[in-house]
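Single-structure report; data block below.
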Amino acid sequence: MTRRCFIAGNWKMNKTVSEGLALVRELRGALSMVRDRVEIAVAPPFSALHPVAKALEDSNLVLAAQNCHFEESGAFTGEVSAPMLKEVGCQYVIVGHSERRQFFGDTNEGVGRKAQAVLKAGMSPIVCVGETLAEREGGKTLDVVSAQVKAALGSIPAGQGERVVLAYEPVWAIGTGKTATSRQAQEVHAHVRGLLKELWGTTAQKVRIQYGGSVKPDNAAELLSQPDIDGALVGGASLKAADFAGIVKAKA
Ligand code: PEP
């Protein structure tokens, strides 16, 4: 089963509209020759989604959002819903990023509701899971990741499973410069695929599982060569066109 490699750049709370448009211009130039083998997405902050959507027209990059609310509309000051993101041109929405879990109280159950809202709106969720350093050192990695995956995806039927993207992001590797070894990452990715098989049967083979955590041009090829690593969710290195393009080209 070949799964199309998927590299997504999470800009987090970085880039004003003008800075984001400048980055997209550079990315379009640097990545114009990358064809079907790799799917590429950028996830700007909400404020830049609409202009970036326009700037991506007729390119080989697609748009993602970094979060959404699970309700479609209502009295939720400061929140943005999945149908709103769909209308602005998003194809993907990141849900359950560890920074959301750590700083904004996102729970496993809430992440599941967000994933369902994204699917209902006609987009694909990028569902983030991953253990903290204390959990890894306590030998709890696989248990923690299992609980996150089951809570987030347990209510999603197999027929929709193919539209879901997982991102395994060990919290201790995010923004720290510490990357999981390709062996550590592959072990968890294979475990996650096993869980998906329990949930969705053969559909599990079609689901893409990204790795995230200090992915850089110089470690991307090794990580992406693992059998169950189907792409990368990139934070810091997605803010510089040359670095992000270098990661994409590790697979292209
Ligand atoms: C992330 O925030 O999803 C991430 C992986 O960040 P970084 O690449 O900076 O570690």
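Order of appearance sets the numbers: ligands from 1, and atoms from 1 within every ligand.
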Passing candidate, side chain to side chain contact (heavy atoms under 4.5 Å, CB included) with Glu19, options Leu21, Leu23, Thr16, Val17: Thr16

Residue from His97, Lys114, Arg101 passing side-chain hydrogen bond (donor to acceptor under 3.5 Å, both in side chains) with Asp106: Lys114

Non-neighbouring partners of Tyr211 that pass ring pair (Phe, Tyr, Trp, His ring centres under 6.0 Å), sequence neighbours left out: none

By salt bridge (charged side-chain N to carboxylate O under 4.0 Å, His left out) - contacts of Lys140 (at least two apart): none

Residues in contact with ligand 1, criterion: heavy atom under 4.0 Å: Asn10, Lys12, His97, Glu169, Ala173, Ile174, Gly175, Gly212, Gly213, Ser214, Leu233, Val234, Gly235, Gly236

Residue pair Thr202 / Gln205, side-chain donor-acceptor N/O under 3.5 Å: no

side-chain hydrogen bond (donor to acceptor under 3.5 Å, both in side chains): pairs with one or both residues in residues 147-165, sequence neighbours excluded: none

